[in-house]
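Since the structure comes first, as C-alpha cells, the remarks are kept for the end.
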Amino acid sequence: MKYAIARYLANVRGMMQYRKKTIRRLKSSGLYKKIPTYVPIDKVRFDRQDVSTLYFLDQAGRSVMVSVLERDVVRVSAFSENIPRLDRTWIAAAKDGSVPPEGRDRADLSPFSLPSFVTEDLKDAVSVDTGIIRIVITLAPFSITFMDSGGASFAADLPAGAYSSSGDSRRIRHSMRKLPGSCYYGFGETSGRLEKSGRKVVLEPMDAMGYDARTRDPLYTAIPYYLAYEPASGTAYGVLYDNLSVTEFDIGKTDPAAVSCQADDGDLDYYLIFGPSPDEVAVKYSRLTGRPSLPPRYSLGYLASGMAYADSPEAQAQFARFIDCCKKFDVPCSLFHLCSGVTTGDDGKRYVFTWNRKRVPDPNRLAADFREAGMRLAANLKPVLSASHPEFESAKKQGLLIRESRTDSPLVAPFWGGPTSFLDFTNPLTRVWWKKNLKEKILSAGIEVSWNDGNEFEIGDENARCEGFGRRMAISQARPLQALLMVQASVEAQTEFAPGKRPFAVSRSACPGMQRYAQVWTGDNLVSWNSLKFGIPLGLGLSVSGIPNFGHDAGGFWGYRPSPELFIRWLQSCVLLPRFCINSWHIDKSVNEPWMFPKHLDLVRNIIRFRYRIAPYLYSLMFDSSLTGRPPVRPMFYRFPEDERCRLESFDFMIGSKLLVAPVFNKGERARSLYLPGEEKWVDFHTGDYFSPGQTVTVDAPLDRAPMLVQEGGIIPLAKEARSGKPDADDYREVRVFPHLLEGTGTFTFYEDDGESLDYQKGGYACVILTVRSFKDHIEVEARKDGDFPLPYREIVCVLPQGEKRPAVFSGSVKLSLAGH
C-alpha cells in the first residue's frame, strides 16, 4: 500500500513542483504569458463566396469563414494568420465515420452534403438561409446570429468582441450570448451538477486520483463541446470546438449574459449543430465525430479488478483465489482487469509490456485459467517508459518519445513511480512499436482487451515537441490527441491479431472521437457518499458529450473500505450503465469484492445477476447507439427538455426512452422522492404500481433495490439468470411489458447477433420489433423479426405487471407466450 500513498502524494506535490519549475523556465525564456492580450475581430468585409463557404476579412487581414455543411450544421473558422495553426483534424470524421492516424485535412469538406443556400447582402450584414436555419453575419462589429425557420434567435455571438486572438496568435477566445433561462450541458467529464450555468469549466486532462466529484476541476477528459437548450424558442443546439489544447469555458460566471470558450493554443474553429431537440443534436453530433463502436456482448457483464491482487508478491495465486471465490459464491463475472502491478519491477516502477515473473510466473496459464472460468482478461497499458525500462534506449534512438522543446532529448516528466518519458503516438514508428509489443507480449498470451491507463499526458512544457506525422507540433495542441492515437493503435493491434473479432478497449482519458474506439471510465474516484452522488451527473455529462459507453469504479477506488450500505447503493447506481466494474485501491488494504460483506452476499449477488438479466436491453441500446449515436444513458432533460424540473435534474436519469432510474445516494435512506414528467403514466418496475405524471412521488427503496419506473408502453427484454463459470447458451428471452392503463401503443426494437464478431457490420444481425397495443378490455402484443440472423430461442415469454387482468392476444412472426400459462 506504500505505492498507493506514494502515487497520491506524487499527484498532489510532485506535479505542483514540476509545474512551478516549468513556469519559471518558460518565463525566463519569454515563452510564458500568464495573461495574454487579446485582439478582437471588430470589423470585417465580405470578400467572396463559393459553393459552401462565405469568406470575410478584417482590417488586419485575418480571415473568417462561415461554411454551410448541412442545412442544420454550420462551421465558423477564424484564423489569426489566414491559415490554421493546425491544418489537420482528428475530431471531424470522414463519411464512413473514420479518421486516419495522421488526421484529416482540416479544409476537406467532402464528408458533408454541402447543400445550396440563399445569400442576401444587407449592406451592414450578410444573411444566409439554408431552408432550416437563418444565419445573419453582422460586419461591424463582427458577430453572428443563428435563427430558426420562424425567425426566432436561438444562439448568437456577443454583439462586440466575440472573436479574438492573442497578440502572438497562439491563444483564441470566442464569446456567445447567454439568454436568461438557457441551459448548458456536456463539457465531457466535469464535476458538480449537470447543468453548468454560473460555472467555469477547465478542460485539461489530469490524473485526479481520489477526486471530489462535486468540486474537482479539471479531471481526465477534454471534450470542448456543449449542448444548449433555449426554453424561449424550445430549441436545442450543440457547439463543438475543433481544438484540443487546454480550454476554459465560462458559462455565465464572469458575465451572466455570456458564454465564452478560451483555448491556450490552436484555432478558433467550431461547429454549430441545430436540433431542434436534444436527441437530434446527439445524432448529428455523432455523425460529425463518428459513431460509437459496438462493444462485444460480454463487456456488459460484471467487470472485475483490484490493484491489491496485482500488487501482491503472489499475484497469480491471488488471481486464482478470485476465480475460486466466483465459483464458491456463484458470482458470474465476464472480464478481469490485470492492474499494472504485474509489470512492476523490484524498484517499484511500472514497466509496460513486461511481466514480473515473481508475481506472475506463467501469463499464458493465467489467461487460460480465467478463460476456463468464463472470463476474459484486460491488460493495463501505460504510455510511458522510464530510463530504466529495458527498451528505453532503443526507443530513444528511434525517436519514439516526446522531445524537449529545444533539443532532441526525450522530455522527462513526473509520473507516479518516478520521472518518465511519454511515447509519441504522432510518430508512425511509435505506433508500429506499440502494436508489435501489444501483440507479442499481451495478446499472444491470451489476453484480449487493452486497458489504456494513465494517458492524460501531463506535460508541463507546452512547447515539447511531437513528431506530428512528419509535421512537428507542440504538445500544447496534442495532449488529448496522444490519448486518442494510443487507443486507436491498441484497437488496430487487437483487430490485426484477431481478424473478424470485435475489439474491446478501455481508456481513462478521452476527447471527441474516443467513442469510435473505446469505453471510458471516470478514473480514480473517492470512496464516499458524496462521490457516489455526484458521480451520477459526472457520467451523464460524458454521455451527453458523445461518449455513450462509460462507467465508474463501483464502490469507490481510493480511500477506505466502503460500508456495506454504501457499497450496495453504488452497485445499484451503476448496474444499468454500459460499464459495470468493481475496482479499488484502498488505504486500509481492503479490496472491493462481491463477497466482502458475507451478511449481504445474497443481495450483492442478485444485483450482479440482474445485470446479466437486463443485458439484452442494454445491448440493444448500445447497438442502436452504434447506428444512430443516441446515448443509452440519458439525462432527464434529454427526454423531457420542455419541463423545467427535468432541465435542472442531475441525479435521476433514463436508460433508453422509457426506463427511469432513481439511485439512492443518501446514507440510511429507505424511500426515494422523484418527479415523474411527461403525459403518460409510470409503472413501478418492481411492484407494478401505476403513478400519474406531473407529480413528485415517494417510492419505497429498501436496501435490496433502487427505484426503477417504466413509462406506459415500455418494453424491457431480459435474458435468463446467469451463474458463475462458462456462460450458458443465450437461448432464452423474456420481455417485461408495461401496457397503458387505458389505451395506447408502445414499441421497442431489440437486436440479436453473435455478440463477438464484426459480421453485424455486413448485416449479420436481426431486429425483433415488439409492439404492445392497449385497449380497455384486452392487450395485443406483436413480435416481428427483421433480418437473417437466426434467433437463438424459439419463443419470447411475456411478463405483464402484477395485477394486470386484461387478456393478452399475441401475433407476429416470432412466437410469444404468457408467463405462467
Next on the checklist: Any non-hydrogen side-chain atom of V664 less than 4.5 Å from a side-chain atom of L703?
Outcome noted: no
Next on the checklist: Nearest 0.5 Å, please: how far is CG in N525 from CE in M209?
Outcome noted: 10.5 Å
Checklist entry - How far apart are the closest heavy atoms of P562 and G555, and which atoms are they? => result CG-O, 3.7 Å
Checklist entry - Out of curiosity, C581 SG to H552 NE2, how far, rounded to the nearest 0.5 Å? => result 12.0 Å
Checklist entry - Within the side chain of E280, is there an N or O that forms a donor-acceptor pair under 3.5 Å with the backbone of P278? => result no
Item to check | Atom pair CZ (R177) and CG (D255), whose distance is rounded to the nearest 0.5 Å | outcome: 12.0 Å
Checklist entry - So F154 and L272, side chain to side chain contact (heavy atoms under 4.5 Å, CB included) or not? Walk me through it. => result CA-CA 11 Å; F154 62 86; L272 185 136; 3.9 Å; yes
Item to check | salt bridge (Lys or Arg N to Asp or Glu O under 4.0 Å): pairs with one or both residues in residues 650-672, sequence neighbours excluded | outcome: E565-R670, D652-R672, K658-E680
Checklist entry - Side chain of N592, backbone of G556: donor and acceptor closer than 3.5 Å? => result yes
Checklist entry - Would you say the side-chain atoms of R645 and T696 include a donor-acceptor pair closer than 3.5 Å? => result yes
Checklist entry - Are any non-hydrogen side-chain atoms of M206 and R216 less than 4.5 angstrom apart? => result yes
Checklist entry - Would the Y229 and Y237 ring centres measure less than 6.0 Å apart? => result no
Item to check | Test: R297 cationic atom under 6.0 Å from Y619 six-membered ring centre, within 45° of axis | outcome: yes
Checklist entry - Heavy-atom distance under 4.5 Å between the side chains of Y220 and T522, does that happen here? => result no
Next on the checklist: Just checking E679: does its CD atom have more than 12 heavy atoms from other residues, nucleotides or ligands closer to it than 6.0 angstrom?
Outcome noted: no
Checklist entry - How close do E195 and S197 get, heavy atom to heavy atom, and via which atoms? => result OE2-OG, 2.6 Å
Checklist entry - What do the steps show when you test I568 against F597 for side chain to side chain contact (heavy atoms under 4.5 Å, CB included), and what is the final call? => result CA-CA 10 Å; I568 289 164; F597 302 112; over 6 Å; no
Item to check | Min side-chain heavy-atom separation E804-V683 under 4.5 Å | outcome: no
Next on the checklist: Please verify the inter-ring angle class for F610 with F685; under 30° counts as parallel, over 60° as perpendicular, anything in between as tilted.
Outcome noted: perpendicular
Checklist outcome for this item: Note: L542 and F550 closest approach over all heavy atoms is CD1-CB, 4.1 Å
Checklist entry - When you look at S626 and R291, which way does the side-chain hydrogen bond (donor to acceptor under 3.5 Å, both in side chains) test go after all the steps? => result CA-CA 6 Å; S626 74; R291 299 294 193 217; over 6 Å; no
Checklist entry - How about F249 and Y241: are their ring centroids closer than 6.0 Å? => result yes
Checklist entry - How about F146 and F274: are their ring centres within less than 6.0 Å of each other? => result no
Checklist entry - Between OG of S509 and CH2 of W521, what distance do you get to the nearest 0.5 Å? => result 9.5 Å
Checklist entry - What pairs with S153 under side-chain contact (heavy atoms from CB on, under 4.5 Å), at least two apart in sequence or on another chain? => result T145, M147, A156
Checklist entry - Could you go step by step and tell me if T747 and I715 meet the side chain to side chain contact (heavy atoms under 4.5 Å, CB included) rule? => result CA-CA 7 Å; T747 185; I715 300 170; 5.6 Å; no
Next on the checklist: side-chain hydrogen bond (donor to acceptor under 3.5 Å, both in side chains), that's the test. Do T215 and S191 meet it? Break it down for me.
Outcome noted: CA-CA 6 Å; T215 60; S191 61; 6.0 Å; no
Next on the checklist: Under the criterion salt bridge (Lys or Arg N to Asp or Glu O under 4.0 Å), I'd like the reasoning laid out for R634 against D279: C-alpha separation, chi angles, the key distance, then a yes or no.
Outcome noted: CA-CA 10 Å; R634 304 167 188 178; D279 181 72; 5.3 Å; no
Item to check | Whether over 12 other heavy atoms sit under 6.0 Å from F691 CZ | outcome: yes
Next on the checklist: For a quick test of reading the model, state the closest non-hydrogen atom pair linking F651 to I536 and the distance between them.
Outcome noted: O-CG2, 3.6 Å
Checklist outcome for this item: Of all heavy-atom pairs linking P663 and F653, the shortest is CG-CE2, 3.6 Å
Checklist entry - Are Y271 and R75 close enough, and set up right, to give a side chain to side chain contact (heavy atoms under 4.5 Å, CB included), and what steps lead you there? => result CA-CA 4 Å; Y271 299 83; R75 177 182 174 187; 3.8 Å; yes
Next on the checklist: Using the rule given for side-chain hydrogen bond (donor to acceptor under 3.5 Å, both in side chains), can you reason through Q515 versus T289, listing the C-alpha separation, both sets of side-chain angles and the distance that settles it, and then say yes or no?
Outcome noted: CA-CA 9 Å; Q515 76 280 356; T289 60; 3.1 Å; yes
Item to check | Minimum-distance pair of heavy atoms, taken over all atoms of P801 and V737 | outcome: CD-O, 3.1 Å
Next on the checklist: Measuring only between side-chain heavy atoms, which start at C-beta, is K178 closer than 4.5 Å to I251?
Outcome noted: yes
